[in-house]
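Since the structure comes first, as structure tokens, the remarks are kept for the end.
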Amino acid sequence: LWKTHKWRFFGYGASFFFLLTLPILNALAIPVATVGGLIFNDAGEALLLRTDKWSGLWGMPGGKIKYGETAEQAFIREVKEETNLEAADVKFELFLDCIEPEEFYRKAHFVLLNYTCGCRNAAETRLNDEAQEFQWLSLEAALKLPLNGPSERLIQAIAEERRINI
């Protein structure tokens with residue numbers, strides 16, 4: 001009798017149990033708070049990275065905010081981890097919702113807090129394993145690259161703010 005009951009639960013009842021818990025599982029799939037941004041060298045050029053996580057498109061350094069750190073601290077940390085650069089004069093620029101972007105390697109929902117900053121050690125740019133190559137470019141030149149959506153929106157916003165002809 002016990003074996004029959006156990007078999008029923010894991011046989012027929014398991015799919016019913018899964019359907020009952022589906023709304024709970026969806027509620028647990030919450031957006032991920034992330035930071036990213038443009039780093040400018042002394043010549044006013046922005047650092048762009050090409051990464052496989054974004055289907056080989058060009059973008060900006062960034063990542064998740066860790067528990068206990070501010071968004072600005074997370075941006076400074078991500079810049080250092082991904083590029084070996086020391087962020088200076090950090091400025092918040094733009095908030096973006098990024099819901100299931102097609103170009104990202106997996107299904108995700110990001111809340112993006114975007115920054116700009118300068119750096120004093122651009123010649124020391126060294127990528128970690130998250131990006132395959134980098135370029136320092138003007139905003140106009142950057143907009144001609146195949147960019148991921150969030151990076152393109154930030155570059156356009158900064159270019160408009162600086163009144164650059166795009």
Side-chain angles (χ1 to χ4, degrees), residues 26 28-166:
N26 285 337
L28 295 176
I30 59 173
V32 178
T34 61
V35 294
L38 295 175
I39 305 163
F40 290 92
N41 63 17
D42 291 336
E45 299 168 313
L47 179 66
L48 281 293
L49 313 175
R50 190 181 59 75
T51 174
D52 289 338
K53 287 198 309 190
W54 287 90
S55 302
L57 299 174
W58 291 86
M60 56 198 170
K64 296 178 190 127
I65 301 170
K66 291 183 178 178
Y67 182 83
E69 71 182 351
T70 66
E72 186 173 316
Q73 289 169 337
F75 176 66
I76 292 168
R77 175 184 50 76
E78 288 288 343
V79 166
K80 181 66 176 171
E81 287 176 3
E82 294 186 17
T83 67
N84 191 47
L85 298 175
E86 300 290 336
D89 304 318
V90 176
K91 179 184 171 196
F92 177 77
E93 294 289 346
L94 184 66
F95 160 85
L96 289 171
D97 274 317
C98 188
I99 302 169
E100 297 183 14
E102 291 178 15
E103 66 263 39
F104 197 63
Y105 78 103
R106 64 177 171 80
K107 190 174 175 179
H109 177 176
F110 301 112
V111 174
L112 301 168
L113 304 173
N114 291 289
Y115 292 84
T116 55
C117 71
C119 71
R120 294 181 186 89
N121 60 335
E124 299 173 28
T125 305
R126 189 175 62 245
L127 301 179
N128 68 5
D129 61 353
E130 292 182 50
Q132 288 66 56
E133 61 182 305
F134 71 91
Q135 294 184 59
W136 289 97
L137 299 167
S138 67
L139 294 178
E140 300 94 324
L143 285 168
K144 294 177 183 171
L145 291 175
L147 297 166
N148 67 50
S151 297
E152 183 174 17
R153 286 191 289 275
L154 177 61
I155 293 169
Q156 286 174 338
I158 300 304
E160 287 173 17
E161 178 183 294
R162 295 181 179 190
R163 305 215 191 289
I164 295 172
N165 190 9
I166 52 173

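The structure displayed is predicted, hence computed values, not measured ones.
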Just wondering, do N114 and M60 contact through their side chains at under 4.5 Å, heavy atoms?
yes
To the nearest 0.5 Å, tell me how far R77 CZ sits from E82 CD.
9.0 Å
Counting only heavy atoms not in K64, do more than 12 sit closer than 6.0 Å to its NZ atom?
no
Please assess Q135 against L145 for the test side-chain contact (heavy atoms from CB on, under 4.5 Å), listing each intermediate value before the final yes or no.
CA-CA 11 Å; Q135 294 184 59; L145 291 175; 4.0 Å; yes
Gap separating the OG1 atom of T116 from the CD atom of E161, nearest 0.5 angstrom
7.5 Å
Validation row: L94, I158 side chains within 4.5 angstrom (heavy atoms)
no
Can you tell me if E69 uses its side chain to pair, donor with acceptor, with the backbone of K66 under 3.5 Å?
yes
Beyond-backbone contact of E103 with P150, side-chain heavy atoms, under 4.5 angstrom
yes
Taking C-beta and beyond as the side chain, do I39 and P61 meet within less than 4.5 Å on heavy atoms?
yes
With sequence neighbours excluded, give me every side chain to side chain donor-acceptor pair (under 3.5 Å) pair touching residues 34-59.
N41-E45, R50-E133, K53-E130
At what distance, to the nearest 0.5 angstrom, does CG of L57 lie from OG of S151?
9.0 Å
Quick check: closest heavy atoms across L147 and A142, and the distance to 0.1 Å?
CD1-O, 3.4 Å
Using atom types as modelled and distance alone, determine if a side-chain donor or acceptor of N128 lies under 3.5 Å from a backbone N or O of E81.
yes
Between D97 and V111, does a side-chain contact (heavy atoms from CB on, under 4.5 Å) hold up when you go through it step by step?
CA-CA 5 Å; D97 274 317; V111 174; 4.2 Å; yes
With heavy-atom distances below 4.5 Å as the criterion, would you say the side chains of Q156 and E152 are in contact?
yes
Are the side chains of T83 and F134 in contact, using a 4.5 Å heavy-atom criterion?
no
Between A108 and P101, the two heavy atoms sitting closest are O-CD, 3.6 Å
State, with a plain yes or no, whether a side-chain heavy atom of L48 is found less than 4.5 Å away from one of I155.
yes
Ion pair E93/K91, N-O distance below 4.0 Å
yes
Could you check if a side-chain atom of V79 sits within less than 4.5 angstrom of a side-chain atom of Y115, using non-hydrogen atoms only?
no
Contact summary for L113 and A71, nearest pair of heavy atoms
CD1-CB, 3.6 Å
Between E124 and N84, which heavy-atom pair has the shortest distance, and what is it?
O-ND2, 3.1 Å
Can you name the closest pair of heavy atoms from L85 and A122 and give their distance?
CD2-CA, 3.9 Å
Could you walk me through whether L139 and F40 pass the side-chain contact (heavy atoms from CB on, under 4.5 Å) check?
CA-CA 10 Å; L139 294 178; F40 290 92; 4.0 Å; yes
